[in-house]
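Structure, as structure tokens:
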Amino acid sequence: MELIVVQALSGLASAASLFLVASGLSIIFGVTRIVNFAHGAFYMLGAYMAFTLTDRFSGAFGFWGGLLVASLIVAVLGALMEMVLLRRIYQAPELFQLLATFGVTLMVQDLVVLIWGPDDLMGPRAPGFSGAFSLFGRMIPTYDLLLIVLGPAVLGLLWLLFHGTRWGVLVRAATQDRDMVACLGVNQKWLFTSVFALGVFLAALGGALQIPRTTVSHAMDLSIIVEVFVVVVIGGLGSVTGAFIAAVLVSELNALGILVLPKISLIAVFLVMAVVLVVRPYGLLGKAERGTRSSTGISFRPWKPMTLLERGGVAALVVIAALLPLFAGNYLLSVGSEILVFVLFAASLHFMMTVGGLASFGHAAYFGLGAYGAAFAVKFLGAPMELALLVGPAFGLMGALVAGWFCVRLSGVYFAMLTLAFAQIIWSVAFQWVEVTGGDNGILGIWPSAWASSPQGFFWLTLGVAVVGVALLRMLVFSPYGFGLRATRDNTLRADAIGIDRKSTQWAALLVAGTFAGVAGALFAFLKGSVFPESLAIPISVDGLVMVLLGGIETVSGAVIGAIVYKALAIWLMSQTDLSKLVLGAIIVLLVVAAPKGIVGFIEDWRHRGPRPKNGKPDALAVAKMEAAE
């Protein structure tokens with residue numbers, strides 16, 4: 001009992017910092033509707049800045065002043081990012097804003113290593129709170145008590161700010177209906193900037209307050225961002241009070257779970273999030289959005305099947321790719337096979353996002369299930385590669401069958417976060433069920449059949465499967481089912497009126513995407529000769545999102561180009577420079593700004609742009625067509 005009480009107090013102390021970061025993200029999303037993936041990077045920057053300032057200035061004033069000044073500096077950097085980058089893409093599809101902030105995260109990761117080095121840093125003790133006191137015979141840091149008091153205090157200050165000031169009233173109004181706030185004459189630009197700065201300040205302060213409790217490392221951003229997303233979703237997007245309740249719940253689950261239920265401690269938080277979203281789709285204190293928002297993947301330019309000339313061009317490119325093994329080396333062929341695997345993986349996610357309007361943050365679950373399914377078939381059944389390549393997709397299909405039954409009840413960010421919850425649950429099972437999956441030791445010796453064992457043979461196999469898979473997905477886009485799925489994406493009420501059931505239609509889309517992702521995962525297992533839990537992890541899901549968004553979600557096959565560009569760049573940069581994340585992040589940000597509809601979307605816009613207006617006046621017919629489309 002004494003140990004449980006001590007752990008509970010430690011959980012409350014952790015909840016304070018988690019609440020600061022989560023409340024900042026919730027405030028930003030509530031007003032700007034940006035899912036700020038860079039929020040964890042600002043948390044990390046706050047910790048590094050605080051370490052530098054507290055190391056330079058001694059004493060109580062130097063320490064506490066250093067924490068505050070560090071948070072203010074990072075808040076200014078956040079405001080600059082909003083003004084320079086995000087203002088340019090507010091009109092772009094919302095997920096492209098997520099892509100831009102992901103690019104910033106990659107850049108910050110390498111910048112932190114470049115400035116502060118790769119080693120973990122230990123911050124100083126907090127003056128006046130460096131000791132500990134005894135409770136039930138166990139020592140508890142006095143700094144933890146400060147954090148326990150700080151959490152409710154910050155919640156109270158934020159409540160006063162939002163309910164006792166004109167600025168706070170405007171922020172709450174923008175959270176409910178920002179278009180109406182703009183109609184009333186409020187300058188949205190500066191309102192967005194101030195809200196973003198406040199959210200970043202809270203994230204940086206949460207990071208700065210951690211330096212007396214833990215080491216400062218360049219992995220802090222990814223370690224916090226997933227928990228923050230979970231807290232915000234459980235509490236309800238845009239609800240600060242909900243974020244506080246959820247932060248306490250999540251922190252206590254982390255602190256006590258390892259004592260009470262050690263076998264499920266890694267997934268307890270995600271199980272709670274899944275239950276909350278199923279019971280209360282908008283979180284504990286969240287509310288349904290008042291205005292309808294455009295679905296992911298919607299396009300004003302009607303999609304059309306390829307012309308005969310375009311099909312000939314694609315066929316020529318496939319033939320050229322098929323000739324690559326005749327003159328390319330083994331390394332190039334191995335890289336090419338990996339790119340083709342992720343082309344199929346990205347195409348499966350692209351089908352969900354473009355045709356179904358369903359953004360998934362956990363698509364790696366089906367990729368990893370496909371890899372493990374193939375590995376199980378080889379190791380436990382002694383099956384050949386040909387049979388294992390069928391078992392893998394079946395595992396992906398079963399995973400999508402179970403997850404989809406729950407996920408299709410939600411939409412938007414809540415749908416995406418529930419897919420993340422299921423992916424993390426499956427990852428935890430693979431990580432902890434050592435007797436079956438091997439845990440972090442993985443499953444080794446998953447080799448292809450003799451005819452595909454050479455780099456040339458496996459490249460041809462992967463190329464054939466990827467081409468057939470992408471072709472089948474394109475055929476589904478223009479099939480009657482594809483038209484019905486697009487109807488549910490564009491207007492659910494009208495689709496229901498003509499007899500199209502949204503849930504069953506979108507569930508089928510998830511099954512299709514999960515199956516093809518399983519095919520990609522099975523190929524990946526034979527390419528690497530092994531399977532590890534990392535194939536189910538969040539970075540794989542993020543990579544898939546980046547590929548889809550780079551290609552363009554308003555296109556039919558943008559993921560193919562996006563996957564090729566992203567994987568080729570990532571692999572090439574890793575071999576050329578130690579700052580590959582910095583360069584790759586900068587390229588992603590530049591592409592988002594220059595081509596907010598993605599690479600293929602930009603090319604399509606360039607191809608279909610009309611003649612230049614005469615005498616500076618737009619063509620009346622072009623204007624009429626645009627108005628009709630809108």
Side-chain angles (χ1 to χ4, degrees), residues 25 28-29 32-45 74 77-115 192 196 199-200 203 218-222 224-226 228-229 296 342 346 349-350 353 359 361 416 538-553 558-559 561-574 576-602:
L25 181 63
I28 290 173
F29 180 86
T32 66
R33 292 300 186 268
I34 291 176
V35 181
N36 182 21
F37 200 89
H39 211 63
F42 292 125
Y43 166 86
M44 178 175 65
L45 281 176
V74 177
L77 294 176
L80 289 174
M81 188 190 87
E82 191 276 340
M83 290 187 289
V84 174
L85 174 60
L86 296 180
R87 277 191 188 180
R88 299 173 179 271
I89 56 175
Y90 274 132
Q91 301 304 318
E94 292 163 0
L95 285 174
F96 275 93
Q97 298 158 7
L98 172 67
L99 178 60
T101 57
F102 173 72
V104 172
T105 298
L106 290 178
M107 296 171 66
V108 171
Q109 286 176 350
D110 269 359
L111 286 173
V112 162
V113 175
L114 188 64
I115 296 171
F192 284 13
F196 203 88
V200 171
H218 58 275
M220 291 178 70
D221 55 344
L222 293 181
I224 193 69
I225 191 63
V226 175
V228 170
F229 277 139
T296 301
F342 280 94
L349 177 59
H350 192 261
M353 293 177 64
F361 288 175
I538 292 173
I540 297 292
S541 295
V542 174
D543 283 349
L545 275 172
V546 173
M547 295 172 197
V548 170
L549 296 173
L550 275 181
I553 56 175
I561 302 300
I564 293 172
V565 170
Y566 179 74
K567 288 299 293 185
L569 267 176
I571 294 172
W572 181 75
L573 287 172
M574 288 181 64
Q576 298 297 315
T577 176
D578 293 332
L579 302 176
S580 58
K581 291 181 180 178
L582 176 62
V583 179
L584 183 61
I587 292 173
I588 290 174
V589 170
L590 288 174
L591 282 174
V592 170
V593 174
K597 292 185 178 182
I599 298 172
V600 179
F602 174 80

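Residues Ile587 and Val583 are in side-chain contact: their nearest non-hydrogen atoms beyond the backbone lie under 4.5 Å apart. Val108 has its side chain out of reach of Phe42: every pair of non-hydrogen atoms, C-beta onward, lies at least 4.5 Å apart. Between Ile225 and Tyr43 the shortest side-chain heavy-atom distance does not fall below 4.5 Å. Inter-residue side-chain proximity for Met81 and Phe196 is flagged as met; some heavy-atom pair is nearer than 4.5 Å.
Within the structure, every pair that satisfies the salt bridge (charged side-chain N to carboxylate O under 4.0 Å, His left out) test and touches residues 561-570, not counting sequence neighbours, is listed here: Glu338-Lys567. For residues 576-586, the pairs satisfying side chain to side chain donor-acceptor pair (under 3.5 Å) are Gln109-Lys581, with sequence neighbours left out.
From Thr101, atom OG1 reaches atom CD of Glu82 across 12.5 Å, with rounding to the nearest 0.5 Å. Annotation: the span from Ile561 atom CD1 to Met547 atom CE amounts to 13.5 Å, rounded to 0.5 Å. In this structure, Leu349 CG and Asp543 CG are separated by 11.5 Å, a value rounded to the nearest 0.5 Å. With rounding to the nearest 0.5 angstrom, the CG atom of Leu85 is 11.5 Å from the CG atom of Leu80. From Leu114, atom CG reaches atom CE of Met107 across 12.0 Å, with rounding to the nearest 0.5 Å. Note that CG of Leu545 and CE of Met353 are 5.5 Å apart. Values are rounded to the nearest 0.5 Å.
Partners of Phe361 under the ring-ring contact (aromatic ring centres under 6.0 Å, His included) rule, at least two apart in sequence or in another chain, do not exist in this structure. Not a single ring-ring contact (aromatic ring centres under 6.0 Å, His included) links Phe229 to another residue, sequence neighbours left out. Take Val542 and apply the side-chain contact (heavy atoms from CB on, under 4.5 Å) test, not counting sequence neighbours, and it matches Phe37, Phe102, Ile538, Val546. In this structure Asp110 satisfies the side chain to side chain donor-acceptor pair (under 3.5 Å) test with no other residue, sequence neighbours excluded.
Nearest heavy-atom pair, Ala100 versus Val592, reported as atom, atom and distance to 0.1 Å: CB-CG1, 3.9 Å. Here the closest heavy-atom approach between residue Val593 and residue Arg88 is recorded as CG1-CD, 4.0 Å. Minimum interatomic distance between Ala346 and Val548 (heavy atoms only, all atoms of both residues): O-CG2, 3.5 Å.
Partner His39 forms a side-chain contact (heavy atoms from CB on, under 4.5 Å) with one of Ile28, Ile224, Thr105 and no other, that one being Ile28.
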* To do: Kindly determine whether Leu99 and Leu550 satisfy side chain to side chain contact (heavy atoms under 4.5 Å, CB included), including the steps that lead there.
  => CA-CA 8 Å; Leu99 178 60; Leu550 275 181; 4.1 Å; yes

